[in-house]
Amino acid sequence: MTQCFLALEYPSLGQLALAGVFVAGVIAVVVISVFARWGSFWFQAFMSGADVTMKSLIVMSFLKIEHRLIVTAKIMAKQAGLSIDRKTGMSTNRLQAHYLAGGDVMNVVQAQIAAHRARIDLDFDRAAAIDLAGRDVLLAVQTSVSPKVIHCPSGKNGQATLSAVAKNGVELLVGARVTVRTNLDQLIGGATEETIVARVGQGIITAIGSAESHMDVLEMPSRISKGAISGGLDANTAFEIVSIDIYDIDVGKNIGARLQMDQADADMRIARAKAEGRRAEAAALEQQMKALVTENRAAFVSAQAEVPAQLAEAFRAGNIGRATPLPVRKNS
């Protein structure tokens, strides 16, 4: 009886061995499954020194993060000589956070590599902030290394040249090319290309408008670019102006002469209107005088009509033919 209880309480060595084999098989299956799914990526990162753990790969799968993208980005950063330190560098957690925030991980990594090669100070946090702000950080770095050319005016509205008028009233049609490079420090919150085009156009119009004659501008077109650059047109923008080059300048209309002609025409119309007013007043006065003459003539005719009546009255009264005594004049 005691042996039966001992048999029930303590398993035999065979049962222990079988259980051990079962547990080992389960562990082996789990390990094989893990390596079958993530082992190639982990081994690739391990051989490249990219510092991507198996735990991170498993967590990426649960978070629905494309682990192939993260591993490739870490390998690219490591091979390019960027810091992948877990505290201060491009760590796996930072890449995962940027991916989950909707950022373009590969674009940020490529931008950092380009900046590192060009010796531009651009850390991961600032690159990620620029990317999340909606700017193309890689294009910004490339533009910072290789400046781009912006046409002023841009030609989007069908306008090929800027129109400006010198002090003598002659119009000049100007086309300019603005060479800019990205200012990474002001890229977040800085104005875009449209602002640069507008400011450069304003500077060109101001420079031409301050010239005494259009001939001064034609003789020295560089005064336009110098005047525009000295105005600090790239302030609070995402770009830094390298140069402003005038590639086309033509003489347009004589705006001053046309304005003088329009003014003379307006003055002539005003004088004509005033003369017409005076003529109308004179015509009205003439009509008034004619009416007065007619009125006086009617009064004269009316007085003439009373003469026969007065004569007849005098005949009846016997006043006609009777001498009227003259008044006696006393001598003094």
Side-chain angles (χ1 to χ4, degrees), residues 152-176 194 197-219 221 223-224 227-228 231 248-332:
C152 181
S154 60
K156 293 182 179 179
N157 298 326
Q159 184 180 4
T161 56
L162 287 171
S163 175
V165 181
K167 287 184 179 180
N168 63 345
V170 178
E171 178 190 29
L172 292 178
L173 304 175
V174 181
E194 288 78 6
V197 172
R199 289 185 180 180
V200 170
Q202 177 183 352
I204 291 175
I205 293 174
T206 302
I208 295 177
S210 61
E212 294 294 333
S213 173
H214 70 285
M215 295 302 298
D216 298 337
V217 180
L218 292 176
E219 292 175 358
R223 66 180 297 173
I224 302 176
D248 185 18
I249 181 168
D250 296 322
V251 178
K253 301 177 182 178
N254 194 333
I255 305 296
R258 190 179 67 181
L259 291 177
Q260 291 178 358
M261 292 175 58
D262 293 342
Q263 185 63 41
D265 185 50
D267 294 340
M268 184 180 65
R269 292 181 181 180
I270 293 174
R272 187 178 297 171
K274 290 181 178 180
E276 183 66 22
R278 290 193 297 268
R279 188 197 66 79
E281 291 178 357
L285 181 60
E286 181 183 3
Q287 294 299 325
Q288 290 179 1
M289 293 298 103
K290 288 182 178 180
L292 183 60
V293 169
T294 303
E295 182 181 355
N296 291 333
R297 186 175 296 169
F300 175 74
V301 172
S302 178
Q304 284 182 335
E306 292 180 358
V307 171
Q310 293 296 329
L311 290 175
E313 183 66 26
F315 276 116
R316 284 194 297 269
N319 293 330
I320 297 178
R322 187 171 60 183
T324 302
L326 298 174
V328 179
R329 184 176 181 184
K330 296 180 180 181
N331 293 326
S332 55

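Numbers for residues simply follow the sequence, beginning at 1.
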So, taking the atom named [atom1] in [X] and the one named [atom2] in [Y], what distance separates them when rounded to the nearest 0.5 Å?
{"X": "Q260", "Y": "D267", "atom1": "CD", "atom2": "CG", "value": "11.0 Å"}
{"X": "D216", "Y": "N168", "atom1": "CG", "atom2": "CG", "value": "8.5 Å"}
{"X": "I270", "Y": "Q263", "atom1": "CD1", "atom2": "CD", "value": "7.0 Å"}
{"X": "C152", "Y": "R199", "atom1": "SG", "atom2": "CZ", "value": "13.0 Å"}
{"X": "Q304", "Y": "R297", "atom1": "CD", "atom2": "CZ", "value": "11.5 Å"}
{"X": "E295", "Y": "Q288", "atom1": "CD", "atom2": "CD", "value": "12.0 Å"}

Taking every non-hydrogen atom, the tightest pair across A166 and H214: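 Minimum heavy-atom contact is CB-N, 3.7 Å.
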
Distance-minimising heavy-atom pair for A164 and I205: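 Closest pair (atom of A164, atom of I205, distance): CB-CA, 4.0 Å.
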
Side chain N296, main chain L292, donor-acceptor under 3.5 Å: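 Between the backbone of L292 and the side chain of N296 there is a qualifying donor-acceptor contact (under 3.5 Å).
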
Side-chain donor or acceptor of S302 paired with backbone N/O of A298 under 3.5 Å: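 Side chain of S302 to backbone of A298, a donor-acceptor pair under 3.5 Å: no, none is there.
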
I249, D248, V174 screened by side chain to side chain contact (heavy atoms under 4.5 Å, CB included) with T161, the one that passes: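 Exactly one option meets the side chain to side chain contact (heavy atoms under 4.5 Å, CB included) with T161, and it is D248.
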
Side-chain ion pair, E276 and R272, N-O less than 4.0 Å: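 Salt bridge: no.
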
Atom NZ of K167: over 12 foreign heavy atoms under 6.0 Å: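 Yes, enclosed.
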
